[in-house]
Amino acid sequence: MDFSAVSSALKTIGELTQEVTSLWGVDEQVEGLASELRWMQSFLKVADARKVDNELIRTSVVEIRELAYDAEDMIETFSLKVASKRKGGFSNCIKRSSCFLKEGCLLHRIKSEIEKITVKIKELTRQLKTYDVSKFGVDGEGPSSSTERRVSRRSYPHVMDDNIVGLGKDIKQLVPVLLDEQSECRVVSICGIVGTMALSTGMGGLGKTTLAKKIYHESQVVGHFKHLAWANVSQNCQERKVCEDILSDLNILTEADKMMKVEKLAEKLSSFLEKNKCLVILDDIWNPVDWDSLKPVFSARETKSKILLTSRNKEIISHADKNGFLYQLQCLNDEQSWELFQKIAIPPTNSPGYKIEAKMKELGEDMVKHCAGLPLAIIILGGILATKYPSLTEWLNVSVNVKSYFKNDKGQVLKDVLLLSYDDLPPYLRPCFLYLSQFPEDYEIPVDRLIQLWIAEGILAKRCMIQVRERYVATLKMTSFQMHDLMRGVCLSKAKQEKFFDIADQSNACQLSRIGRVRRVSVHKYFWIHYIKSPRLRSLLFFDKFLPVEEEDNVLPLAMVRYFDNHKEELFNPWVWFAAVLVCSVLVTKLRGIWKYMFNNFNFLRVLDYERGGYAGCKLPNDIGKLIHLRFLRLRGLEFDSLKLPSSLGNLRCLQTLDLRIINGLCSESVHVPNLLWRMQQLRHLYLPQQCSSKTKLKLGTLKNLQTLVNFNTKNCYVKDLINMTNLRELEIRGSFNIEDFNTEELDKNPPIIQSKYLHSLSIINDEGRIDPRHLAHLLLSCENISKLRLDVEIRRLPEYHYLSSNLAYIKLRRCKLEEDPMPTLEKLLYLRMLELHEEAFIVKEMFCCGQAFAKLESLSLKGLNNLEEWKVGEEAMASLQRLEIQKCRQLKKLPDGLRFIATLQELKIDSMPKTFKDKVEEGGEDFWKGRHVPSIIFHDCE
């Protein structure tokens, strides 16, 4: 049950009642409301613990959530519009004297609304008190001990590199088919099979995508094809998105392509595939109709390019290519199923000869049989049981549920195990899971942004989310993730059942216009926002462009557009100019209407997120200042003619995340940001424009809650303000960085720049010139706890070791033009695990890794080091290295001899290197003996 809304409302009330004087006028109403909400919260917790499944209670939960949202909105409106103005002493009283009447009317309205909400909650309470929840449920046990172990739960047990069983045979059969250039087969398809009967419409969760990924990374495949590309097709096939994804992977997608008609994109892509030897993987294509929409892209006949499809529909292969190859993937057998289950459910142990307890093994094997050999079902079941290991009692409890949940129908097995996984979540995490359903299918969900959205919506506490984020930072893992389509299906069905949100598109526009209480809307495709009539809307997520190219014809006067397209070469024709001005005027008016409708009708918005940018009109309207409840505002990538942001932004005092990275599509004009951000004292994540105007000088010293600051520089901000940001966790400096009144003679006499003990990531990017190495050294000295450092700026000399944090685990150096080998300094960093030396990181000819240097380094990337000729590695150096990449280091003569001593090396990737270098490393070459112990050696574009 979702009682996060009740908790959020109580939190808002608690924050307001900390100052008793501010409640004058509504104190009795607020206290009565809080009392009712507290009873409701207790009732819901007991009902959830007892697994009460009653229609009245399910319906009531939705109603309670709506009332809690209404209560929170009213109380916050009182706080922002009335209580906040009662501060400030005599001078503020003088200012307020002229608007006492207006304030009185507002106070009366808020008081009346709170009373109405309380009456409705009391009526619900009366109905629910007729149910004695203590009589419901099957047992009286307290909280599961697994709750205490959830923090150590494997968050992503299905990561393919760690948990793959039984695909070796499949890879051996498929790779030769893809590499055979003599065959007429151009399309290879992976489909599903259950038992001995192939399904015309197959199943999900068999491992089709996992197998495709393994083939995509197979060294033979990477070495054979010049280019590889991956695109997710999914149930909702979008031809433009598929084309753009493939072009992007091929590194030929331009900004002009994004404005191009989809037919032109298909033509460009088809031409490239015809001339180059490429492998394109189309994952999760559902039906022949989708293939027909994509067919123009793959229409070339005389080509060495090939296509690998994954699909549940085996008919697609014959439809796509009469000479195509169909590979039917089978379920795991009992032995493979148990092997996969053990990897997930039973933690690894160092004890020699360790065996699982006989009773637990019997239980486990019995539960695994219910998964019918489906890898995804086994992984999810194993993930549930991993939190309960080694408690035999809790495994018994799950075993009972498995038998009651799972039916004999194999097609239902996955849904059953997913539902079991959802029910195993603690109540406070369920709304977090339901929130994921708002993202489109196959969408790559950024972890940082997801956490910011959760907190902005009050779904989960800030402190808990920060702890989760910091754990991932410490391990340098997971910046984004995708939901399996079956998992998303269960998530969507649960969200629909609980009326958690609505997906908006043209198909349900009329339906949305009739719904008065829509709280969250997710727009996957362009949607006329005027259809939404709910004044209490809290969240708007846009995943399409503000106005896609395909929709312009529906907005603009068609006759004028056609006239302009047919005569645009006639520069001196006045009618052409008239048509152009008219088209632009209509477009700007329409776009301004969208903004005005949003800002004037959705005054309770907390989240406004634009994902894909696009042209958004002349300028951002001043009416945005009406959205005083906003917590999350993301405008990244939106294009405006005028880049002067409105001063009304200063009204948004509740903002926690603010992304101002807007652009001008016609030129690289700088953005003017009004000096009002200091008012937003709740701000935690601030993303400034990449280039602010010279008139911009921002005071940020009051932002003590700030955790993320991106595009900071001393030209538009004050360096002294950084010292007040004691909660800062991530800092990105872009552009100039100069410290005023810096003592160059006695460096230790300069005051510290940063005092946040939480800062873990520092990036410095400067395309304009050098940074003073003394200023850089002093800045680094203030960042004593950082684990990630990125320097993309000319410095010529790396600061000495004692200026660098001993906690550094990740370093990226680019365009630093170091005049000395950086390795003698970097090798002293004992916890360094990832090192990237890219484009002119240094300009010396030799690099040395000696002794026991880089003992914990796991990944090393060398790219664009144009002067590097010789690299030497000692026998005991880089003893933990697992991945090595060498790209565009064209002067490098050979692999280091010491590479043969690195027994841990799993992958060696040679990319865009001279053919002579490749010949040396390949079997029979003079350097082959240095890397023959490496399981995977990948050559790419070394012709």
Side-chain angles (χ1 to χ4, degrees), residues 255 588 613 615-622 624-625 633-652 655 657-681 683 685-703 706 708-725 728 730-742 744 750 753-754 762-776 778-779 790-795 815:
E255 289 300 318
V588 168
Y615 181 66
C618 182
K619 64 178 181 179
L620 187 67
N622 202 53
I624 194 172
L633 176 61
R634 186 169 182 256
L635 304 173
R636 183 177 186 179
L638 289 178
E639 300 175 22
F640 294 95
D641 296 327
S642 170
L643 296 185
K644 185 176 182 180
L645 293 170
S647 58
S648 62
L649 279 173
N651 297 341
L652 309 181
L655 271 177
T657 298
L658 177 60
D659 193 334
L660 297 174
R661 290 175 287 185
I662 63 173
I663 58 175
N664 186 307
L666 300 176
C667 62
S668 57
E669 183 184 346
S670 55
V671 181
H672 175 67
V673 183
N675 184 26
L676 297 166
L677 302 184
W678 58 270
R679 294 182 183 178
M680 305 174 187
Q681 296 184 25
L683 209 56
H685 309 280
L686 175 59
Y687 304 86
L688 294 169
Q690 284 199 10
Q691 188 176 353
C692 290
S693 75
S694 56
K695 297 178 182 178
T696 299
K697 194 71 174 179
L698 303 173
K699 294 180 180 179
L700 305 175
T702 57
L703 307 182
L706 207 62
T708 305
L709 179 55
V710 172
N711 293 334
F712 174 91
N713 64 64
T714 54
K715 183 180 177 182
N716 304 113
C717 308
Y718 296 94
V719 71
K720 64 181 181 181
D721 289 341
L722 291 174
I723 202 166
N724 294 325
M725 301 174 191
L728 199 61
E730 297 181 46
L731 173 62
E732 181 181 298
I733 298 170
R734 184 180 291 272
S736 60
F737 184 81
N738 294 300
I739 305 173
E740 296 178 359
D741 304 321
F742 189 75
T744 56
N750 292 294
I753 299 173
I754 296 172
L762 173 66
S763 299
I764 302 177
I765 306 162
N766 191 340
D767 300 325
E768 300 169 2
R770 296 180 60 179
I771 184 173
D772 190 317
R774 293 166 298 184
H775 293 187
L776 174 61
H778 188 60
L779 172 62
R790 177 187 174 197
L791 297 178
D792 189 352
V793 56
E794 184 178 339
I795 55 177
R815 299 186 304 175

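- Side-chain N or O atoms of Asn766 include none that pairs as donor or acceptor with a backbone N or O of Val793 at under 3.5 Å.
- The local environment of CZ in Arg679 is crowded, with over 12 non-hydrogen atoms from other residues, nucleotides or ligands closer than 6.0 Å.
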Start with the C-alpha distance between Ile765 and Glu732, add both sets of side-chain angles, then the distance that settles side-chain contact (heavy atoms from CB on, under 4.5 Å), and finish with yes or no. CA-CA 8 Å; Ile765 306 162; Glu732 181 181 298; 3.9 Å; yes
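- With contacts defined as side-chain heavy-atom distances shorter than 4.5 Å, the pair His775/Phe742 qualifies.
- Scanning all heavy atoms of the two residues, the minimum distance from Ile739 to His778 falls at CD1-CD2, 4.2 Å.
- Every residue two or more places apart in sequence or in another chain that forms a salt bridge (Lys or Arg N to Asp or Glu O under 4.0 Å) with Arg661 is listed here: Asp659.
- A 4.5 Å side-chain heavy-atom check between Ile753 and Phe737 finds at least one atom pair inside the cut-off.
- Between the side chains of His685 and Thr708, at least one donor-acceptor pair of N or O atoms lies under 3.5 Å.
- The shortest side-chain heavy-atom distance between Leu779 and Ile764 falls under the 4.5 Å cut-off.
- Ile733 contributes atom CD1, which lies 13.0 Å from atom CG of Asp792 (distance to the nearest 0.5 angstrom).
- Annotation for Lys699 and Asn675: closest pair N-OD1, 2.9 Å, computed over non-hydrogen atoms.
- A donor-acceptor pair under 3.5 Å is formed between the side chain of Thr702 and the backbone N or O of Trp678.
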Under the side-chain contact (heavy atoms from CB on, under 4.5 Å) criterion, do Tyr615 and Val588 qualify, and how do the steps go? CA-CA 10 Å; Tyr615 181 66; Val588 168; 3.5 Å; yes
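- Using a 4.5 Å cut-off on side-chain heavy atoms (C-beta onward), Thr714 and Ser736 make contact.
- Taking each heavy atom of Val673 and Cys692 in turn, the nearest pair found is CG2-SG, 4.2 Å.
- With a 4.5 Å cut-off on side-chain heavy atoms, Leu635 and Leu620 count as touching.
- Between Ile662 and Leu645 the shortest side-chain heavy-atom distance falls below 4.5 Å.
- Here the side chain of Asp772 pairs no donor or acceptor atom with the backbone of Asn738 at under 3.5 angstrom.
- Neither side chain, Thr696 nor Asn716, offers a donor N or O lying under 3.5 Å from an acceptor on the other.
- To the nearest 0.5 Å, atoms CG (Leu655) and CG (Leu652) are separated by 5.0 Å.
- More than 12 heavy-atom neighbours from other residues, nucleotides or ligands sit within 6.0 angstrom of NZ on Lys697.
- For the atom pair CE (Met725) and CD1 (Ile723), the distance works out to 11.5 Å, reported to the nearest 0.5 Å.
- Taking 4.5 Å as the limit, some side-chain heavy atom of Asp767 sits within range of a side-chain heavy atom of Arg815.
- With hydrogens and angles ignored, the 3.5 Å screen pairs no side-chain donor or acceptor of Lys644 with any backbone N or O of Val671.
- Listed here is the closest heavy atom pair of Phe712 and Leu700: CD1-CD1, 4.5 Å.
- In this structure, CG in Leu706 is found 11.0 Å from CD in Glu730, a value given to the nearest 0.5 Å.
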Does Leu688 form a side-chain contact (heavy atoms from CB on, under 4.5 Å) with Leu677? I'd like the steps, not just the answer. CA-CA 11 Å; Leu688 294 169; Leu677 302 184; 3.9 Å; yes
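- Counting all heavy atoms, side chain and backbone alike, Pro674 lies closest to Ser647 at CG-CA, 4.1 Å.
- When all heavy atoms of Pro621 and Pro646 are compared, the pair lying nearest together is O-CG, 3.8 Å.
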Tell me, with the steps shown, if Leu791 and Leu776 meet side-chain contact (heavy atoms from CB on, under 4.5 Å). CA-CA 10 Å; Leu791 297 178; Leu776 174 61; 4.2 Å; yes
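- For the pair Leu676/Leu649, no side-chain contact is recorded, criterion being any heavy-atom separation below 4.5 Å from C-beta on.
- For Glu740, the salt bridge (Lys or Arg N to Asp or Glu O under 4.0 Å) test picks out no residue, with sequence neighbours left out.
- Although no hydrogens or angles enter the test, the distance criterion places no donor-acceptor pair under 3.5 Å between the side chain of His672 and the main chain of Ser693.
- Atom OH of Tyr687 is separated from atom CG of Leu658 by 10.5 Å, given to the nearest 0.5 angstrom.
- If you take CG on Leu703 and CD on Gln681, they are separated by 7.5 Å, rounding to the nearest 0.5 Å.
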